[in-house]
Amino acid sequence: MWPGEQSSTGGPDPRQPAPWNAPTVAPGAPGGGPPGRGPGNGRTKVVAIVAAAVVVVAAAVVVVAAAVTGTVLLGGGEDDGARPGPTVSAASASAPSASPADDPRGGDGAPKASVEGWTVVANPGHGIAFDVPASWVPQSRDWVTYVAEDDDPDEKPLVAMKAPAVLKEKWCGSDGDRDGSVEYTPLASAGTRGNNGARSTEEIARTDSATWVYGAFAQPDRDKVSTGPVTPFTTDSGIEGSLATSRSAGVAKKGKCDVNGKATTFAFKSADGDFVSWSFFGAAGVADEVTDATVRSILATVREYTPSDA
């Protein structure tokens, strides 16, 4: 499901170097399987970098490999996503989540939540943390969610986020390809990434928010995505950056889970001078849509920290 030559098992050929250091499939590991679906028309993928194996599930493709997450895709250093994470069970149709008693980020020096009753979400690779309401579920620190073109057989990611938090993991379920397997999609997700190669925070905010909406909801119609003005924003911790929100309108409802969507991206320069960003994307125009006020409240908690093992 990743770019690169395909092995006879359907996964990337382990003999070939994966583009932008994408995860590779270990020899003998199972591959192939149906692509996952996003909350709307697009494909949303979830990838966990752990020990050498591949688990294909209905709602997501989980690639488990001793490899490095794409440095171009996520804009990180060579250690981005390379650390071991939790094992993955094929019985689960969604990404494994962190429980309060066994938080995979518990030993990396992540700060406590700054909002009482909320849960902290941390990306130790970039030293960024933010808080989410208790109903959200943080994924492991090696979890990567991305969107790809529907008609791209290699599914080269358009944009990604790492160590995200998810709201209502099984918000909508459908059997779009009528193979008897229900694919579940979440209501919303939020996470962070590095943006190496970007020219400005304004560019990141505008481009990433629009790409999330296009990739997850509006494909193949880019003209159904509109982006509001890029504005300055300062988090409660004093981080200054650029903010933009994109939305789709008129998305064709071909399936049960096809809806309009929205995304907000906040981009800034880290203390090390690197471009990084936080993004939210979720369904719009539905009864349980995450309000813009809630998105802003989560965004306000974005802060930097020093991981003890990053």
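Note that the numbering runs from 1 along the sequence shown for the chain. The structure displayed is predicted, hence computed values, not measured ones.
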Within the 4.5 Å heavy-atom criterion, are Glu304 and Ser270 side-chain neighbours or not? yes

Side chain of Asp179, backbone of Ser181: donor and acceptor closer than 3.5 Å? yes

Within the structure provided, determine whether Trp171 and Pro186 are in side-chain contact (heavy-atom separation under 4.5 Å). no

Counting only N and O atoms by type, is there a donor-acceptor contact under 3.5 Å from the side chain of Lys224 to the main-chain atoms of Gly250? yes

Is there a donor-acceptor pair closer than 3.5 Å between any side-chain N or O of Asp258 and the backbone N or O of Gly255? yes

Residue pair Asn123 / Phe130, side-chain heavy-atom distance below 4.5 Å: no

Residues Arg193, Asp208; criterion salt bridge (charged side-chain N to carboxylate O under 4.0 Å, His left out); working and verdict: CA-CA 11 Å; Arg193 61 167 291 187; Asp208 279 17; 3.6 Å; yes

Evaluate the side-chain proximity of Thr235 to Thr301: yes if any heavy-atom separation is below 4.5 Å, no if none is. no

Has Asp152 got a side-chain atom pairing as donor or acceptor with Asp154's backbone, closer than 3.5 angstrom? yes

Treating Ser248 as the side-chain partner and Gly261 as the backbone partner, does any N or O pair qualify as donor plus acceptor under 3.5 Å? yes

Heavy-atom nearest pair, Ala188 first then Val290, reads CB-CG2, 3.9 Å

Just checking, is any N or O donor in the side chain of Thr291 or Thr294 under 3.5 Å from an acceptor N or O on the other one? yes

Between the side chains of Ser209 and Thr245, does any donor sit under 3.5 Å from an acceptor? no

Judged by modelled atom types alone, do Ser279 and Thr265 share a side-chain donor-acceptor pair under 3.5 Å? yes

Worked check of salt bridge (charged side-chain N to carboxylate O under 4.0 Å, His left out) between Arg222 and Glu149: CA-CA 11 Å; Arg222 291 185 181 274; Glu149 291 280 5; 3.1 Å; yes

Please examine the side chains of Leu167 and Val137, heavy atoms only from C-beta on, and report whether any two atoms are closer than 4.5 Å. no

Under 3.5 Å, is there a donor on one side chain and an acceptor on the other for Asn195 and Ser277? yes

Does Lys256 offer a backbone N or O that forms a donor-acceptor pair with the side chain of Lys253 under 3.5 Å? yes

Spell out, as yes or no, whether a donor-acceptor pair under 3.5 Å connects the side chain of Glu169 to the backbone of Tyr184. no

Output the distance between atom CH2 (Trp136) and atom CD1 (Ile298), rounded to the nearest 0.5 Å. 4.5 Å

Donor-acceptor check, side chain of Thr234 to backbone of Gly238, threshold 3.5 angstrom: yes or no? no

Lys/Arg N to Asp/Glu carboxylate O, Asp274 vs Lys269, below 4.0 Å: no

Quick check: closest heavy atoms across Pro307 and Gly127, and the distance to 0.1 Å? CG-CA, 3.9 Å

List the atom of Trp118, the atom of Val132, and the distance in Å for their closest heavy-atom pair. CB-O, 3.1 Å

Please list, chain by chain and in numerical order, all residues satisfying side-chain hydrogen bond (donor to acceptor under 3.5 Å, both in side chains) with Asp292, sequence neighbours excluded. Arg247, Lys262

Taking atom NZ of Lys162 and atom OG1 of Thr145, what is their separation to the nearest 0.5 Å? 12.0 Å

Here the pair of heavy atoms bringing Met161 nearest to Gly191 is SD-N, 3.3 Å

Report yes if the side chains of Thr119 and Pro138 come closer than 4.5 Å at any heavy-atom pair, otherwise no. yes

How close do Ser246 and Val225 get, counting heavy atoms only, and between which atoms? CB-CG1, 4.3 Å

How many angstroms lie between atom CG of Leu158 and atom OG1 of Thr207, to the nearest 0.5 angstrom? 12.0 Å

Pick out which of Val182, Val286, Leu187, Thr185 makes a side chain to side chain contact (heavy atoms under 4.5 Å, CB included) with Cys172. Thr185

Tell me, which pairs form a ring-ring contact (aromatic ring centres under 6.0 Å, His included) where one or both residues lie in residues 230-256, sequence neighbours left out? Phe233-Phe266

Got a second to check how far Phe268's CZ is from Thr201's OG1, nearest 0.5 Å? 10.5 Å

Between Lys112 and Asp131 (salt bridge meaning N to carboxylate O under 4.0 Å), is one present in this structure? no

Main-chain N/O of Ala284 paired to Asn260 side chain as donor or acceptor, under 3.5 Å: no

